[in-house]
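Report on the structure given below.
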Number of protein chains: 2
Amino acid sequence: MTIAARKLREKEKMRELILDAARTIFLEKGYFEASIRNIAEKIEYSPGTIYTYFKDKDDIFHALHEEGFRRMLDKMQPLQHVADPFERLKALGLVYLEFARNNKDFYDLMFIMQAPIKHEEEDEEWHMGHQTMNFLKVILAQCQERGRFKGQDINYLSFTIWSTVHGMSALYCRERCKAYHNENLEPIDLMDNGYKILISMLEKL
Amino acid sequence: MTIAARKLREKEKMRELILDAARTIFLEKGYFEASIRNIAEKIEYSPGTIYTYFKDKDDIFHALHEEGFRRMLDKMQPLQHVADPFERLKALGLVYLEFARNNKDFYDLMFIMQAPIKHEEEDEEWHMGHQTMNFLKVILAQCQERGRFKGQDINYLSFTIWSTVHGMSALYCRERCKAYHNENLEPIDLMDNGYKILISMLEKL
DNA sequence: AAAAATATTGAACACTGTTCAGCCAGCAAA
DNA sequence: TTTGCTGGCTGAACAGTGTTCAATATTTTT
């Protein structure tokens with residue numbers, strides 16, 4: 001059974017090798033600029049080889065997509081230890097925005113890029129996404145238990161909050177903060193202070 | 001002087017012809033799927049011809065980009081007649097979201113797509129964007145004159161509001177509302193009710 | 001009518017994702 | 001040990017991409 005096991009290990013290692021190269025190039029050039037030949041060249045294999053490990057370019061995309069969500073969820077785990085749910089909510093937003101800023105291209109991959117969803121089993125695809133979403137909804141429910149956000153629908157409220165932080169992140173990632181370039185306002189300023197306003201609105205809601 | 005004038009007219013007509021075809025194909029297939037050859041075929045000219053009227057593919061992109069902003073500003077004009085600034089603000093958000101929904105691909109072009117800005121004179125590029133932004137800021141300033149949003153910085157506040165409606169639009173355009181598919185919530189529901197929450201937050205701010 | 005200017009063509013270049021016949025190393029059975 | 005076989009790997013090939021440019025066709029000017 002050792003040889004089969006080794007083969008499996010080697011196969012996994014090769015996948016990882018491709019994924020490492022792909023990550024570098026995808027996050028460097030973006031999805032469309034990155035080419036299979038680029039990746040193949042980086043790992044010193046022929047282009048065709050990649051297709052033994054991944055169905056197509058999208059398949060590689062989805063692997064990275066998942067990795068992104070794993071990374072984000074990792075960053076969120078420590079928040080479980082923040083006792084007060086509203087404090088946890090505030091911290092969650094900061095983690096989210098920080099993730100977007102520090103992992104611009106992962107964020108792009110996860111929330112902005114056009115993911116050509118040919119796959120019918122997209123439910124599997126979005127499993128990670130739902131998990132992330134739930135993190136927010138659970139916090140909001142707990143806030144509500146403590147008397148906050150009275151009478152608000154959690155689905156809609158979560159969408160509003162998500163939209164705000166996503167909006168900021170998306171404007172940042174796609175360089176639309178330049179709209180404030182005239183006023184000499186840096187994206188980081190905008191995001192930090194914009195988020196503070198969101199918080200103070202939520203406090204009063 | 002008639003021949004030169006006619007030539008100019010013809011040149012403009014040709015540009016329009018290309019732009020018409022480009023719009024159709026761009027908005028149908030998206031920037032990367034659309035090809036110069038597609039456009040050329042549609043107007044029954046050779047691919048090379050297009051390059052006498054546009055520097056490159058990006059140049060066509062930017063022409064459509066501008067058209068999008070013109071269209072959006074057109075939809076905003078009627079709002080000038082809403083006397084109360086806060087009412088105008090509320091209506092502006094609706095116009096914005098409606099534009100995004102009805103002109104999904106224009107919206108994508110304007111606010112989401114990676115615009116490869118080689119052009120150094122990007123200030124010119126964003127003239128339309130600034131104009132749109134100002135529309136919001138002026139309203140906020142007028143709200144402040146009437147006692148609303150006391151002590152808030154208009155730049156940051158406008159960014160927060162813009163982020164929220166942009167976030168909703170971007171999640172809609174890039175099919176991320178599917179995160180709520182489990183709960184059988186349609187994107188339109190999410191946007192409408194999410195926006196209501198934003199409004200009630202702004203009312204209390 | 002000839003010359004100059006302009007518009008249009010389509011082949012060519014260097015790239016893209018993807019497929020597939022063929023090659024060859026490593027393992028299994030004889 | 002030799003044979004047969006499996007499967008990873010190759011690289012040429014296909015159909016597509018944006019862009020350029022010498023040659024051609026058309027129109028305007030002389």
Side-chain angles (χ1 to χ4, degrees), chain A residues 1-19 21-23 25-26 28-65 109 113-119, chain B residues 1-19 21-23 25-26 28-65 109 113-119:
Chain A
M1 266 306 198
T2 51
I3 50 96
R6 201 208 65 217
K7 283 223 164 182
L8 216 91
R9 267 202 324 273
E10 281 178 354
K11 200 149 186 166
E12 194 48 49
K13 209 158 199 169
M14 189 64 172
R15 250 186 86 97
E16 215 57 55
L17 185 71
I18 295 172
L19 232 40
R23 191 185 311 108
I25 295 182
F26 267 58
E28 198 173 82
K29 305 181 153 196
Y31 182 77
F32 288 100
E33 296 295 321
S35 81
I36 298 290
R37 282 179 181 78
N38 291 160
I39 299 169
E41 201 174 353
K42 186 161 195 107
I43 60 172
E44 295 176 292
Y45 277 83
S46 102
T49 303
I50 289 172
Y51 289 84
T52 9
Y53 297 90
F54 294 93
K55 210 184 114 287
D56 51 23
K57 203 181 175 185
D58 283 346
D59 201 16
I60 304 176
F61 173 87
H62 281 115
L64 291 175
H65 190 266
L109 212 80
M113 271 190 196
Q114 208 76 286
I117 309 156
K118 301 162 188 170
H119 310 239
Chain B
M1 266 305 197
T2 51
I3 50 95
R6 200 208 65 215
K7 282 226 163 183
L8 216 89
R9 267 203 323 274
E10 282 179 350
K11 201 148 187 166
E12 193 50 49
K13 208 157 200 168
M14 189 64 173
R15 253 187 83 98
E16 214 58 54
L17 186 71
I18 294 171
L19 232 41
R23 190 186 312 107
I25 295 182
F26 268 58
E28 198 172 84
K29 305 182 153 198
Y31 182 76
F32 288 100
E33 296 295 322
S35 82
I36 298 289
R37 282 178 181 80
N38 290 161
I39 300 169
E41 201 174 355
K42 186 159 195 109
I43 60 172
E44 295 175 292
Y45 277 82
S46 102
T49 303
I50 289 173
Y51 288 83
T52 20
Y53 297 91
F54 294 93
K55 209 183 116 288
D56 52 22
K57 203 181 174 184
D58 282 346
D59 200 16
I60 303 176
F61 172 88
H62 282 115
L64 290 175
H65 190 266
L109 212 80
M113 269 189 197
Q114 210 74 286
I117 307 155
K118 301 162 190 170
H119 311 239

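The sequence lines fix the lettering, A, B, ..., with proteins before strands; numbering per chain opens at 1. Model, not experiment: these values are computed from the prediction.
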Measure from [atom1] on [X] to [atom2] on [N] and round the result to the nearest Å.
X	N	atom1	atom2	answer
A:Ile60	C:dG17	CD1	P	9 Å
B:Met14	D:dT26	CE	P	15 Å
A:Tyr45	C:dT18	OH	C1'	20 Å
B:Glu44	C:dA7	CD	P	21 Å
A:Ile43	D:dG8	CD1	C1'	13 Å
B:Asp59	D:dT19	CG	P	10 Å
B:Ile50	C:dA7	CD1	P	16 Å
B:Arg15	C:dA7	CZ	C1'	16 Å

[atom1]-[atom2] distance between [X] and [Y], expressed to the nearest 0.5 angstrom:
X	Y	atom1	atom2	value
B:Leu19	B:Met14	CG	CE	12.0 Å
A:Ser46	A:Arg37	OG	CZ	10.0 Å
B:Phe26	B:Ile39	CZ	CD1	5.0 Å

When you check the phosphate oxygens OP1 and OP2 of [N], does a side-chain N or O of [X] lie under 4.0 Å from one of them?
X	N	result
B:Tyr51	C:dT8	no
A:Ser46	D:dC9	no
B:Asn38	D:dG16	no

For this session: Using a cut-off of 6.0 Å, state whether more than 12 heavy atoms not belonging to B:Glu44 lie near its atom CD.
Result: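 Check fails, neighbour count at 12 or below.
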Under 4.0 Å, heavy atoms only, any strand: does [X] hit a base, just the sugar-phosphate, or nothing?
X	value
A:Phe54	nothing
B:Ala34	sugar-phosphate
B:Thr52	base

Exercise. Out of D:dT19, D:dT17, D:dC9, which nucleotide sits closest to the side chain of B:Asp56?
Worked result: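 Comparing D:dT19, D:dT17, D:dC9 against the side chain of B:Asp56, the answer is D:dT19.
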For this session: Select one nucleotide: of D:dT19, C:dT8, C:dT16, the one nearest the side-chain heavy atoms of B:Ile36.
Result: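 The answer is D:dT19, which lies nearest to the side chain.
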Problem set entry | Ring geometry between B:Phe32 and A:Phe32 (parallel below 30°, tilted from 30 to 60°, perpendicular above 60°) |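 Ring orientation of A:Phe32 relative to B:Phe32: parallel.
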Exercise. In terms of the nearest nucleotide of DNA chain D, which residue is placed more toward the 5' end: A:Thr49 or A:Arg37?
Worked result: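 The residue whose closest nucleotide sits nearer the 5' end is A:Thr49.
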Exercise. Toward the 5' end of DNA chain C, which comes first, A:Lys57 or B:Lys11, by nearest nucleotide?
Worked result: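 It is B:Lys11 whose nearest nucleotide is closer to the 5' end.
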